[in-house]
Colleague: 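What follows is a single structure, and I will ask about it in a moment.
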Amino acid sequence: MPAGARPLDFIRKQVIADGETGAFGGRVQTRFPPEPNGYLHIGHAKSICLNFGVAAEAGGVCRLRFDDTNPAAENAAYAAGIAEDIAWLGFEPGAPAHASDYFEQLYCWAEQLVRQGLAYVDDQDAAAISANRGDFTTPGVDSPWRDRSPQENLALLAEMRAGRFGDGEKVLRARIDMSHPNMLMRDPVMYRIRHVPHFRTGTQWCIYPTYDWAHGQSDAIEGVTHSLCTLEFEPNRQLYDWYLEHLPLPGDRPRQTEFARLNLTHTVMSKRALGALVDGGLVDGWDDPRLPTLRGLRRRGYPPEAIRAFCAHIGVARLNGTHEVELLESFVRTHHNRFAQRRMAVLRPLEVVIQNWPVGHTEYRRAVNNPEDASAGERQVPFSGRLWIERDDFMIDPPRKFYRLAPGREVRLRASYFLRCDDVETDAGGEAVRLHCSYDPATGGGHAPDGRKVRATVHWVSAEHARDAAVALYDRLFSDPAPGADGRDPLESYNPASRELIAAAKVEPALLDTPPGAVVQFERLGYFARDTAAGAAPLFHRTVGLRDEWANIRRRRGGGA
RNA sequence: UGGCCGGUAGUUCAAUGGCAGAACGCCUGACUUUGGAUCAGGAGGCUGCAGGUUCGAGCCCUGCCCGGCCAGCCA
């Protein structure tokens, strides 16, 4: 399904065109610029794949640069986590750069703009600045401090830096146009006062550059040629260019190009919403397997290869849309189908007694570890006269198209014999509690010598040899495909049944040899990742289910059993 | 309401002004010791709407409709 040659996206086309026209001296340099105020999610993965991918394909470089201009929200732990996640995804973040590396240069440039009369210190408070900015239809009004002399501004700026003022007392603003149709051009703030220590520069600074004042200049300093960002920064491009045009840059002027961010159905991607889930205890933390964070997906068992293949597949465009999670899941299945070893596990056990099995006898059945990969070898699975099978694999009164076990019916036991259900013990409510069955000793090869067929193969675990394991089943975190649409609170559609814990699934002994973090297929059920927590009882997270035709039939009938 | 950007199959994306395609999903069949995987076939479109230019428009022009982003001292 990775399918052959996908047409090039508009960004790669542009990069190639730049190479042909000799723009940027033939160089290509990109950057991935996260703010270290949270963890990365799959939306960032799209950007990472794009930035690192474009650079690699063009023989250029891509650097990780932390956009650490807001000390109130950022910390070193987030920065370390981000670098770790990038490496896990399969890219080399190298020694990261930081916007804070350029604070001194930025300050020098700010002084230059002041000297040219292109920036000024404003004494208005935040509310006044906001009120005087005007709105979409009415122009802003000039600040009373807009026409201070360069000398006065220079002195004030120095005092701001020296800590002579309290938070919010003054800001430095670019002097552009208070009636500009682009609101971002109405004298944007360049520096604000924050007496907050920064995780890298400590208390060295108490004025911090805004995003707009730092970003393009950081790009220019590093020699970035193609500054790729998401669509919501489109109006910022005009400002990006304005700053760069008015500064004496060391090299070519970088160019900002916007692309659509990734959205997925049934989940949220904004840091605010993610934070609300974590802080509200609705999930266990940033690495909860239900979250679209890279740490969550890793714990869930999503392989980085599948995430990269997904990102390559969806491409990049300027159209803001929403991908179905099912597409992501199909890439996860494709990967695990090829590499995951198979094991048997019974999640909701139903007891089977084989009446014609020799009492006390155990036989070891050979089972292939991965039918897609002969080199994965085989293993021995203990078989005896008392088994667990899946409750869902039996029905007392089976509807049409249900091919599994039922009274009088015969199925094949995976890697073992045919099994016939002779009798059912039920409880007071009519539920099956034990099946009395018989096996056909002639069918050990998986076929009946007399040529009779079975419609289904069922997985099983020998009760005597079964081990217990905890299993976490996951469903959509949000029942609404577009949580938070129409301005509603996304939490309104939080799915309280998004996790179901099975305390003691019955599993074959070999399953417990699975190393932490590894993903195996529970035959007929799905892919499951062994939890990475050390020392605890074995726990498996369901990464994704198998494609399930019977579930589709049930769904089409209206969800019933 | 002003500015900018978008609108092609259910979804995401293609299509030098020249027969509207792919992937995932869906449906049917084959095969099968996973109702998995694999293979073969199929359905699915007034290219947002209306005009215009042209031999010819998804593409160019005009108007309209719908959606996104922008009025933080967040990024």
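None of these values were measured; they are calculated from a predicted model. Heavy atoms only: backbone and side chains are in, while hydrogens, waters and symmetry mates are out. Convention: sequence-line order gives letters A, B, ...; per-chain numbering from 1.
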Colleague: How close do A/Tyr39 and A/Gly81 get, heavy atom to heavy atom, and via which atoms?
Modeller: CE2-CA, 4.0 Å
Colleague: Atom CG in A/Asp9, atom CZ in A/Phe259: separation rounded to 0.5 Å?
Modeller: 10.0 Å
Colleague: Just the rounded figure in Å: distance from C1' of B/C69 to CG of A/Asn320.
Modeller: 9 Å
Colleague: Applying the 5.5 Å / 30° rule, does A/Tyr403 stack onto the base of B/G35?
Modeller: yes
Colleague: Nearest of B/C73, B/C4, B/G25 to any side-chain atom of A/Thr210?
Modeller: B/C73
Colleague: Hey, does the side chain of A/Arg133 come within less than 4.0 Å of B/C73's phosphate (OP1/OP2), counting only N and O?
Modeller: yes
Colleague: Answer yes or no as to whether B/C73 has its base stacked against A/Tyr191, where stacking requires a ring-centre separation under 5.5 angstrom and planes under 30 degrees apart.
Modeller: no
Colleague: B/U33 phosphate, OP1 or OP2: any side-chain N/O from A/Arg366 under 4.0 angstrom?
Modeller: no
Colleague: Could you tell me whether A/Arg200 and A/Asp101 make a salt bridge, using a distance below 4.0 angstrom between a side-chain N and a carboxylate O?
Modeller: yes
Colleague: If we only count heavy atoms from C-beta on, is the A/Leu262 to A/His323 side-chain gap below 4.5 Å?
Modeller: yes
Colleague: Report the distance from atom CZ of A/Phe331 to atom C1' of B/A23, rounded to the nearest whole Å.
Modeller: 8 Å
Colleague: Given the P atoms of B/C19 and B/G56, what is the spacing between them in whole Å?
Modeller: 15 Å
Colleague: Quick check on B/A75: is either OP1 or OP2 less than 4.0 Å from any side-chain nitrogen or oxygen of A/Thr69?
Modeller: yes
Colleague: When you measure from the side-chain N and O atoms of A/Lys13 to the phosphate of B/A15, is any distance below 4.0 Å, counting only OP1 and OP2?
Modeller: yes
Colleague: Students often mix this up, so state it plainly: with edges at 30° and 60°, are the rings of A/Phe528 and A/Phe522 parallel, tilted or perpendicular?
Modeller: parallel
Colleague: For the residue pair A/Trp460 and A/Phe383, categorise the inter-ring angle as parallel (less than 30°), tilted (30 to 60°) or perpendicular (more than 60°).
Modeller: perpendicular
Colleague: Could you check whether the rings of A/Tyr191 and A/Trp213 sit parallel, tilted or perpendicular, using 30° and 60° as the cut-offs?
Modeller: perpendicular
Colleague: If we count only N and O atoms by modelled type, under 3.5 Å, do the side chains of A/Ser375 and A/Asp373 hold a donor and an acceptor together?
Modeller: yes
Colleague: Taking only nitrogen or oxygen atoms into account, show me every contact under 3.5 Å that the protein makes with nucleotides 26-28 of chain B, one pair per line with its distance.
Modeller:
from	atom 1	to	atom 2	distance (Å)
B/C27	OP1	A/Arg556	NH1	2.3

Colleague: As a quick check of understanding, evaluate side-chain hydrogen bond (donor to acceptor under 3.5 Å, both in side chains) for A/Arg261 and A/Thr230, giving each step before the final call.
Modeller: CA-CA 6 Å; A/Arg261 70 176 332 136; A/Thr230 45; 4.7 Å; no
Colleague: Nearest heavy atom decides the nucleotide; on that basis, is A/Gly446 or A/Pro34 closer to the 5' end of RNA chain B?
Modeller: A/Gly446
Colleague: Between A/Arg192 and B/C74, is there a contact of a side-chain N or O with OP1 or OP2 at under 4.0 Å?
Modeller: yes
Colleague: According to a cutoff of under 5.5 Å between the ring centres and under 30° between the ring planes, does A/Tyr211 stack with the base of B/A75?
Modeller: no
Colleague: Dot-bracket for RNA chain B, 5' to 3', with Watson-Crick and G-U pairs under 3.5 Å, [ ] for crossing pairs and | for other-strand pairs: what is it?
Modeller: .((((((..((((....[..)))).(((((.......))))).....(((((..]....))))))))))).....
Colleague: In terms of base orientation, is B/G72 syn or anti, with the syn window spanning 90° either side of 0?
Modeller: syn
Colleague: Look at the side chain of A/Glu372 and the base of B/G36, then say whether one donor and one acceptor between them are separated by less than 3.5 Å.
Modeller: yes
